[in-house]
Amino acid sequence: MEKQTPEFYTNMNPLLGLSSRTLRLYSALDVFRGKSDSIDKPEWFRTPNRDEILGKVGFSKADIDSGITELIDADLLQVQDKNRDQWYCLK
């Protein structure tokens, strides 16, 4: 049996390549999904007071910003600015 590289598995499931803190952030963001949906795109959501709410569960602003960047790079998150709010779409 041929031994596969970590990149092989990451391509199959991008969650495998994420840091533990980013996995926690992904799960934390998932809680917001469906709570404040956009009318035109139900898969998009926003997180009012994002830094404050996520700070209560142990994330610093730097953790949030780096985690969001990591999720975007892994093609697991899209961010869109609309009416001075950030809207998110998890994949």
Side-chain angles (χ1 to χ4, degrees):
M1 181 175 190
E2 186 178 324
K3 191 172 184 175
Q4 299 296 338
T5 65
E7 291 80 22
F8 172 81
Y9 295 106
T10 301
N11 288 336
M12 290 176 61
N13 183 350
L15 291 172
L16 295 174
L18 300 177
S19 68
S20 61
R21 183 151 302 272
T22 300
L23 283 171
R24 283 187 58 232
L25 179 64
Y26 184 83
S27 295
L29 288 173
D30 192 45
V31 170
F32 293 105
R33 196 179 349 204
K35 301 231 187 256
S36 55
D37 294 333
S38 168
I39 294 170
D40 56 336
K41 294 181 181 178
E43 68 273 10
W44 287 84
F45 61 94
R46 64 185 185 91
T47 60
N49 305 318
R50 177 196 81 175
D51 295 348
E52 180 183 324
I53 292 169
L54 294 174
K56 289 181 181 179
V57 291
F59 291 100
S60 69
K61 180 165 177 21
D63 292 336
I64 296 166
D65 292 341
S66 66
I68 285 177
T69 299
E70 195 173 337
L71 289 170
I72 291 169
D73 291 346
D75 199 29
L76 291 169
L77 177 71
Q78 291 178 313
V79 180
Q80 183 181 106
D81 289 322
K82 189 174 182 181
N83 299 331
R84 292 192 272 164
D85 287 325
Q86 283 195 321
W87 288 82
Y88 300 89
C89 180
L90 290 172
K91 296 180 180 181

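Between Asp85 and Arg50, none of the side-chain N atoms (NZ, or NE/NH1/NH2) sits under 4.0 Å from a carboxylate O, so this pair counts as no salt bridge.
A distance of 12.0 Å separates CD in Gln86 from CZ in Arg46, rounded to the nearest 0.5 Å. Going from atom CD of Glu70 over to atom CG of Leu23 covers 8.0 Å, rounded to the nearest 0.5 Å. Note that CG of Asp30 is 7.0 Å distant from CZ of Phe45, once rounded to the nearest 0.5 Å. Residue Ser20 holds its OG atom at 11.5 Å from CG of Leu25, rounded to the nearest 0.5 Å. How far CG of Asp75 is from NZ of Lys91: 3.5 Å, rounded to the nearest 0.5 Å.
With 3.5 Å as the limit, one finds a donor-acceptor pair spanning the side chains of Ser60 and Asp63.
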Check step by step if side chain to side chain contact (heavy atoms under 4.5 Å, CB included) holds for Leu71 and Leu29. CA-CA 11 Å; Leu71 289 170; Leu29 288 173; 4.2 Å; yes

Could you walk me through whether Ile68 and Val79 pass side chain to side chain contact (heavy atoms under 4.5 Å, CB included), step by step? CA-CA 9 Å; Ile68 285 177; Val79 180; 4.2 Å; yes

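Checking Leu15, Leu90, Thr22 one by one against Leu76, the side-chain contact (heavy atoms from CB on, under 4.5 Å) holds for a single residue, Leu15.
Among all heavy-atom pairs drawn from Asp51 and Lys61, the shortest one is OD2-CD, 3.6 Å. Heavy atoms only, all atoms of each residue included: Phe59 and Arg21 are closest at CE2-O, 3.6 Å. What you find for Ala74 and Pro14 is that their closest heavy atoms are O-CB, 3.8 Å.
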